[in-house]
Amino acid sequence: MTSPSDFTPKSDFLRALIERGFVHQCSDFEGLDEKARSGTLSAYIGFDCTAPSLHVGSLLPIMMLAWLQRAGGKPLPLIGGGTTRVGDPSGKDESRKLLTVEQIDANKASIRTVFERFLSFGDGATDALLLDNADWLTGLNYIDFLRDVGRHFSVNRMLTMDSVKLRLEREHELSFIEFNYMCLQAYDFVEINRRHGALLQMGGSDQWGNIVTGLDLGRRMGCPQLYALTSPLLTTASGAKMGKTATGAVWLNADMLSPYDYWQYWRNTEDGDVARFLKLFTFLPMEEIARLAALQGAEINDAKKTLATEATALIHGRAAAEQAAETARATFEEGALALSLPKVAVPAEEVAAGLGVLTAFVKAGLVSSTGEARRQIKAGGLRVNDAPVTDERGVIGESDFASEGVVKLSLGKKKHVLLERA
RNA sequence: GGGGGAAUGUCCCGAGCGGCAAAGGGGGCGGACUGUAAAUCCGCUGGCUAAGCCUUCGUAGGUUCGAGUCCUACUUCCCCCA
């Protein structure tokens with residue numbers, strides 16, 4: 001059995017994951033359910049550390065770990081410090097740059113702050129531990145690895161895996177590194193089981209093959225029965241991949257995306273996604289979600305606000321989330337000037353000298369070039385203090401700074417930035 | 001090893017008789033309509049100190065008044081034969 005629909009879990013952990021829509025496949029529901037009920041279940045998920053922040057795409061696995069901890073399990077987020085040093089070859093983009101050890105460490109530290117929002121770390125039985133596979137991969141000796149681990153991999157079997165099979169059928173290049181990547185990933189499972197007793201690896205549905213390879217290796221290398229559980233690939237109701245927005249990726253670190261913008265991301269959820277997202281990205285009880293999901297027409301906006309505030313509170317804290325909600329309310333519902341909108345400072349001398357509108361919008365980060373600013377003006381998309389900009393040679397001067405000492409620049413109806421003198 | 005293809009707007013896919021800032025999609029952004037939604041329609045989608053200037057078609061040279069387009073070498077990928 002691999003489908004969650006025809007299984008009734010007894011453990012809190014699996015019940016929560018299944019009823020909230022986190023589960024796509026599992027290697028053995030009954031077995032895992034049993035483990036989750038008897039004793040502390042340790043589980044790990046691998047995360048990418050090529051950027052200094054995770055983005056919303058990683059939120060789903062983080063939530064799975066959080067539910068695990070809530071259900072009395074021990075979550076083990078794993079950072080691929082070792083594997084990123086090889087470079088993930090599964091994308092065919094060869095220009096992927098290799099990161100230095102320092103970069104990886106910096107990213108790791110930054111990413112850890114996100115985990116700390118969702119998981120409690122420490123030395124206790126159910127406290128989370130942040131693992132890095134560099135700890136065991138970098139010291140590996142090739143000959144030893146081949147002898148102890150490599151002999152357990154059946155190339156015959158690896159050749160039947162979808163990821164490999166497809167490439168071979170299409171006669172696409174499959175490099176040796178790539179072929180080995182799954183061996184390392186499988187070995188991670190064994191190592192984490194030995195070091196921390198992890199019995200379960202979770203991940204996105206695209207990781208199924210790799211995770212199952214780990215299961216297999218574990219059996220051959222004398223680990224206890226291991227389990228695999230994957231989550232569905234997340235797309236929006238209209239089929240787009242999650243995590244992209246106007247400004248770029250939806251980062252989880254506040255210094256890369258402000259809580260206000262993060263709140264806005266969730267506020268703009270499509271109708272058809274609201275219920276699903278409430279289940280996946282908030283800890284609200286199911287009854288409450290059912291109530292919100294039943295809202296029709298324009299009322300569903302209330303559900304979106306709740307989603308935005310709850311989701312934002314998880315990573316930026318309740319206070320920041322409520323402030324974002326309030327900022328949005330004042331800005332959108334009252335059309336008022338909310339001083340808590342994201343701010344950008346410009347040197348006072350530049351303002352005194354007269355700041356061109358084009359430059360101002362570029363500085364505010366609302367447009368990427370003066371050329372784009374010109375185009376947006378033609379399209380009627382730029383406003384200064386809510387007044388449409390019609391002249392691209394317009395100048396922002398002292399008089400535009402309201403009594404509050406800021407100028408509100410807007411792109412379209414949704415994106416606002418305050419300019420202040422510094 | 002031999003033979004034949006391919007590389008295009010720095011998001012992606014893709015056309016391109018020597019006159020090209022380069023067709024067309026997708027995506028994205030803006031406008032209209034709405035509910036800060038979806039769908040639909042319209043516009044935009046190299047940069048700048050902007051009637052002009054600069055930089056782009058794998059890399060480096062060459063032919064030409066003029067090269068994405070022709071020639072040479074190189075790089076990478078694909079196909080066929082061995």
Side-chain angles (χ1 to χ4, degrees), chain A residues 55 89 91-97 166-175 178 235-250 260-278 292-293 295-309 311-312 324-336 338 341 350 353-384 386 388-395 409-417:
Chain A
H55 51 80
K92 39 220 134 190
D93 186 4
E94 326 75 18
S95 65
R96 191 184 302 275
K97 51 190 174 257
L166 277 174
R167 301 283 282 278
L168 293 180
E169 276 168 4
R170 293 181 192 161
E171 302 197 42
H172 278 182
E173 173 79 3
L174 177 67
S175 74
E178 188 164 356
T235 53
T236 67
S238 36
K241 267 194 205 132
M242 279 198 67
K244 285 295 174 77
T245 179
T247 1
V250 181
Y260 170 78
D261 287 325
Y262 190 76
W263 192 93
Q264 283 296 325
Y265 172 75
W266 294 106
R267 172 64 244 263
N268 287 310
T269 298
E270 295 174 30
D271 288 7
D273 288 326
V274 174
R276 197 159 52 106
F277 286 2
L278 280 167
L292 290 167
L295 295 174
Q296 292 297 315
E299 293 202 326
I300 201 167
N301 282 328
D302 290 334
K304 292 184 188 179
K305 288 176 202 168
T306 305
L307 169 64
T309 303
T312 306
E326 173 53 26
T327 302
R329 196 192 60 76
T331 306
F332 286 94
E333 294 175 23
E334 290 179 6
L341 283 169
E350 288 186 28
L355 184 60
V357 253
L358 300 177
T359 325
F361 275 90
V362 173
K363 278 183 188 291
L366 288 170
V367 294
S368 56
S369 66
T370 61
E372 190 189 339
R374 283 172 218 270
R375 279 181 235 121
Q376 291 294 2
I377 287 172
K378 284 200 191 89
L382 297 190
R383 277 167 297 143
V384 172
D386 296 320
V389 177
T390 50
D391 181 7
E392 61 183 44
R393 275 171 302 193
V395 168
L409 303 183
S410 312
L411 166 66
K413 294 192 171 58
K414 296 188 187 175
K415 291 182 274 300
H416 311 279
V417 167

Nearest-Å distance once atom P is located in both B/G4 and B/U8: 22 Å

For B/G66, the Watson-Crick or wobble partner whose two distances fall under 3.5 Å: none

Sugar-phosphate only, base, or nothing, as touched by A/T331 at under 4.0 Å among non-hydrogen atoms: nothing

Nearest-Å distance for atom pair NZ/C1', residues A/K414 and B/U36: 5 Å

Of A/E333 and A/R383, the one whose closest RNA chain B nucleotide lies more 5': A/R383

Interatomic distance at C1', B/A67 relative to B/U72, whole Å: 15 Å

side-chain N/O A/K305 vs B/U36 OP1/OP2, d < 4.0 Å: no

Candidate pair A/R267 and A/N301, rule side-chain contact (heavy atoms from CB on, under 4.5 Å), full reasoning: CA-CA 8 Å; A/R267 172 64 244 263; A/N301 282 328; 2.5 Å; yes

Separation of atom CZ in A/R374 from atom C1' in B/G31, rounded to whole Å: 21 Å

Sugar-phosphate only, base, or nothing, as touched by A/I300 at under 4.0 Å among non-hydrogen atoms: base

Min side-chain heavy-atom separation A/I377-A/T390 under 4.5 Å: no

Short side-chain N/O contact to B/A32 OP1/OP2 from A/K413, under 4.0 Å: yes

Nearest-angstrom distance, P atom, B/A73 to B/G3: 12 Å

Residue whose closest nucleotide on RNA chain B lies nearer the 5' end, A/E392 versus A/D271: A/D271

Sugar-phosphate, base or nothing in reach of A/Q264, heavy atoms under 4.0 Å: base

Sugar-phosphate only, base, or nothing, as touched by A/K304 at under 4.0 Å among non-hydrogen atoms: base

For nucleotides 43-47 of chain B, print each protein N/O atom paired with a nucleotide N/O atom at under 3.5 Å, atom names and distance only.
from: B/G47; atom 1: OP1; to: A/S369; atom 2: OG; distance (Å): 3.0
from: B/G47; atom 1: OP2; to: A/R375; atom 2: NH2; distance (Å): 2.5

B/C42 to B/G46 separation - C1' atoms, rounded to the nearest Å: 24 Å

Whole-Å gap separating P (B/U34) and CD (A/Q296): 20 Å

Rounded interatomic separation in angstrom, taking CZ from A/R393 and C1' from B/U49: 13 Å

